[in-house]
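Inspection log for the structure reproduced underneath, given as structure tokens.
The figures here come from the full heavy-atom set of this structure, side chains too, leaving out hydrogens, waters and symmetry mates. Throughout, a chain's letter reflects where its sequence line sits, starting with A, and its residues are numbered from 1.
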There are 2 protein chains.
Amino acid sequence: MADLAKLAGVSKITVSRALGDSPLVTSETRERIQALARKHGYKLNLSARNLRLRRSHTVAVIVEMKPSSGRTMWDPYPLSLLGGISQELTSAGYSVLLTTRHDAGNAAVRAADGLILLGQGVHQDAVKLYDRLGLPMVVWGAESAHDSHVVVGSDNRQGGASVAERFLSIGRRHPVFIGNSDHPEMAQRLHGFVDELAGHGIKPLLLRRVDWTLESGVEAVRSLTRRKVRFDAIFACSDLLAMGAIRALVELGFTVPNDVSVVGYDDTPHGAGFLPPLSTVRQNWQEGGMLLARKVLALIDGQPVASQMLPTNLVVRAT
Amino acid sequence: MADLAKLAGVSKITVSRALGDSPLVTSETRERIQALARKHGYKLNLSARNLRLRRSHTVAVIVEMKPSSGRTMWDPYPLSLLGGISQELTSAGYSVLLTTRHDAGNAAVRAADGLILLGQGVHQDAVKLYDRLGLPMVVWGAESAHDSHVVVGSDNRQGGASVAERFLSIGRRHPVFIGNSDHPEMAQRLHGFVDELAGHGIKPLLLRRVDWTLESGVEAVRSLTRRKVRFDAIFACSDLLAMGAIRALVELGFTVPNDVSVVGYDDTPHGAGFLPPLSTVRQNWQEGGMLLARKVLALIDGQPVASQMLPTNLVVRAT
DNA sequence: CGGGCGAATGTTACCGATATCAAGACATCG
DNA sequence: CGATGTCTTGATATCGGTAACATTCGCCCG
């Protein structure tokens with residue numbers, strides 16, 4: 001910047017102002033200096049600016065990823081969520097710092113202007129951990145009554161309710177829920193499901209499964225038949241679970257959807273390609289990401305921000 | 001740091017040295033100062049350090065994402081790749097800056113110490129664009145003879161060849177390839193496939209499909225039967241294509257794998273849950289990510305670095 | 001006993017930007 | 001015509017670290 005100043009025959013500060021589109025400089029000098037900057041490939045030094053401005057223009061996104069192997073990040077938090085976040089933040093001039101949960105104390109994270117937490121649903125303690133940093137923070141997941149974070153998520157309650165509605169409307173009377181009610185988001189799906197059914201005097205069977213894997217779905221259905229339970233509809237908390245369930249059903253001689261209706265959750269492309277094509281509840285992740293980003297930015301800006309749930313919609317395919 | 005210095009009764013620089021584990025300070029003072037820092041919750045200011053050190057300790061990861069909607073990032077570049085990158089970089093003290101292709105000129109990207117490009121396979125021009133920044137750069141994808149970037153990818157050639165081998169070993173003689181040979185990675189899968197078959201005097205039918213969607217797979221198979229082509233094996237370049245193909249085959253009255261063998265690519269969890277479970281070629285993304293990270297770090301370090309292809313392996317399931 | 005050497009710590013300058021306050025040029029006004 | 005105000009630009013200090021060079025001190029050795 002000093003060099004540019006010399007070239008333009010002005011002082012450093014004038015260059016700074018010109019490049020920052022400050023109204024304090026004549027439009028003439030501004031343009032002259034900007035042209036000069038372009039010509040010489042001048043690059044602003046972000047560290048210097050951040051140092052002086054005492055902010056980092058960075059939002060840290062903390063993703064829950066089991067480190068090596070295990071559950072990959074395939075299922076619950078697809079990249080489109082990250083895509084939405086990234087798109088929105090960078091277009092606001094912010095950088096996106098990606099970290100996993102395990103470098104919590106990371107200096108770079110602490111230096112961020114704001115935090116977005118993804119996939120912390122299971123670990124409320126993790127949320128508290130980051131809370132201590134005292135940074136503007138937005139969490140993806142389910143809203144819970146007794147804590148005060150800003151939460152963005154899809155309306156899991158409504159998602160569950162819409163499945164119940166569908167089951168009722170096609171005459172199903174013995175529904176089963178497969179999922180993990182300890183997980184806040186899943187618990188809400190369950191609540192929506194149960195409440196809607198309760199309105200019609202029906203109480204679903206709850207089948208608790210911790211894993212979201214295919215095998216888990218298979219096993220769930222097998223256990224149902226082992227216990228000789230009567231059922232005609234399954235609401236699985238993820239597409240993978242649903243696919244596992246269908247697989248087991250077919251193996252056991254049931255037909256889908258004639259004997260048993262099955263609905264999954266997430267609307268993964270692979271679910272759509274399943275045979276038969278899976279009915280499922282869709283969440284709009286891209287938009288969720290954009291919303292998350294906008295909320296942190298608002299918080300950083302000091303504006304009041306409220307939690308928000310995005311609507312979901314039931315995609316009825318062949319199951 | 002100045003405050004800490006006052007508290008400890010030493011100078012700033014001694015504090016700096018103590019916290020940086022420099023051998024220039026007595027272990028006694030070092031520990032005293034470190035304890036003091038912990039006690040008072042001292043936080044290093046990264047901007048200041050980066051400014052002084054003239055480096056950002058940051059690697060930018062540039063991801064090809066269609067902005068709004070369209071193909072989400074589900075299919076080709078799963079999060080586990082990012083996970084591997086992030087894990088490796090942060091444990092080396094680096095930050096991961098996530099950006100999409102569309103904020104190319106981004107000041108933060110230019111300030112990074114290194115670049116990792118993901119999903120640029122289709123856009124060789126994008127690679128050149130970033131090349132101009134003159135930063136250490138590593139690209140995920142297929143190695144091509146006529147450019148000089150450091151490339152990490154999975155061995156698509158070998159992947160294709162292994163499918164061919166399998167087809168031959170089970171007596172298939174009329175194989176079809178579905179994919180987009182303009183895409184470098186896919187082209188190599190095709191080459192591996194074709195070369196291996198050629199060794200046995202067989203020439204596969206090439207069915208060019210640009211999209212990696214389910215519908216595209218369906219359509220591909222329909223066009224085959226419309227043209228009354230004889231075929232007994234399909235190698236699809238993605239699991240989704242394969243699932244679409246199978247779906248169409250079943251609709252058209254073929255049985256899989258009796259009439260037609262089908263193999264996909266990527267080993268997605270959903271492919272494994274498909275009915276019937278999909279045979280596919282697996283790539284180890286997590287490891288790919290870690291390798292990418294290690295290579296950029298080595299480049300930043302000034303060490304010589306070579307491209308590297310990771311082995312793939314064929315997972316034979318029911319198709 | 002003084003010069004020399006090494007270990008521990010300190011002084012000063014600097015990285016590259018921006019905020020604050022000051023100053024010069026020029027127009028307006030009583 | 002001098003006072004006042006507006007517009008544009010500049011000098012200086014500062015953000016929080018670290019490198020280079022300087023200093024102090026104790027010890028060894030001839």
N/O donor to acceptor pairs below 3.5 angstrom from side-chain atoms of residues 1-15 of chain A, sequence neighbours left out:
from: Ser11(A); atom 1: OG; to: Thr14(A); atom 2: OG1; distance (Å): 3.2

request  = Could you list by number each residue of residues 26-41 of chain B showing a heavy-atom separation from DNA chain C of less than 4.0 Å, or answer none if no residue does?
outcome  = Thr26(B), Thr29(B)
task = Could you list all the salt bridge (charged side-chain N to carboxylate O under 4.0 Å, His left out) pairs where at least one residue sits in residues 130-142 of chain B, not counting sequence neighbours?
result = none
query = How would you list, by chain and number, every residue that makes a salt bridge (charged side-chain N to carboxylate O under 4.0 Å, His left out) with Arg282(A), sequence neighbours excluded?
reply = Asp267(A)
ask   = If you fit an axis to the five pairs at each end of the helix from dC1(C)-dG30(D) to dG30(C)-dC1(D), how big is the angle between those two axes, to 10 degrees?
value = 60°
Protein-nucleotide distance (Leu24(A), atom CG; dT6(D), atom C1'), rounded to Å = 12 Å
note = The side chain to side chain donor-acceptor pair (under 3.5 Å) partners of Asp155(B) (sequence neighbours excluded) come to none
request  = Please state how far atom CG in Leu46(A) lies from atom P in dC15(C), giving the value in whole angstrom units.
outcome  = 18 Å
task = Taking all heavy atoms of Ser56(A) and all of Ala112(A), pick out the closest pair and write down the distance.
result = OG-CA, 3.4 Å
inquiry  = Under 4.0 Å from OP1 or OP2 of dG10(C): is there any side-chain N or O of Thr14(B) that close?
reply    = yes
request  = Encode nucleotides 15-28 of chain D as B, S and - characters from 5' to 3', where the letter depends on protein heavy atoms closer than 4.0 Å: B to the base, S only to sugar-phosphate, - to neither.
outcome  = BBBBBB--------
Scan the side chains in residues 287-299 of chain B for donor-acceptor partners under 3.5 Å anywhere in the protein, sequence neighbours excluded, and list what turns up.
from: Glu287(B); atom 1: OE1; to: Asn284(B); atom 2: ND2; distance (Å): 3.2
from: Arg294(B); atom 1: NE; to: Glu88(B); atom 2: OE2; distance (Å): 2.9
from: Lys295(B); atom 1: NZ; to: Ala306(B); atom 2: O; distance (Å): 2.7
from: Lys295(B); atom 1: NZ; to: Gln308(B); atom 2: OE1; distance (Å): 3.1

request  = Applying ring pair (Phe, Tyr, Trp, His ring centres under 6.0 Å), name anything that partners Tyr42(B), two or more places apart in sequence or on another chain.
outcome  = none
request  = With sequence neighbours excluded, tell me which residues meet side chain to side chain donor-acceptor pair (under 3.5 Å) with Gln34(A).
outcome  = Asp21(A)
request  = Would you please name every residue forming a side chain to side chain donor-acceptor pair (under 3.5 Å) with Arg32(B), sequence neighbours left out?
outcome  = none
Listed partners of Glu28(A) passing side chain to side chain donor-acceptor pair (under 3.5 Å), at least two apart = none
ask   = Tell me: CG of Asn50(B) to P of dA17(C), nearest whole Å?
value = 14 Å
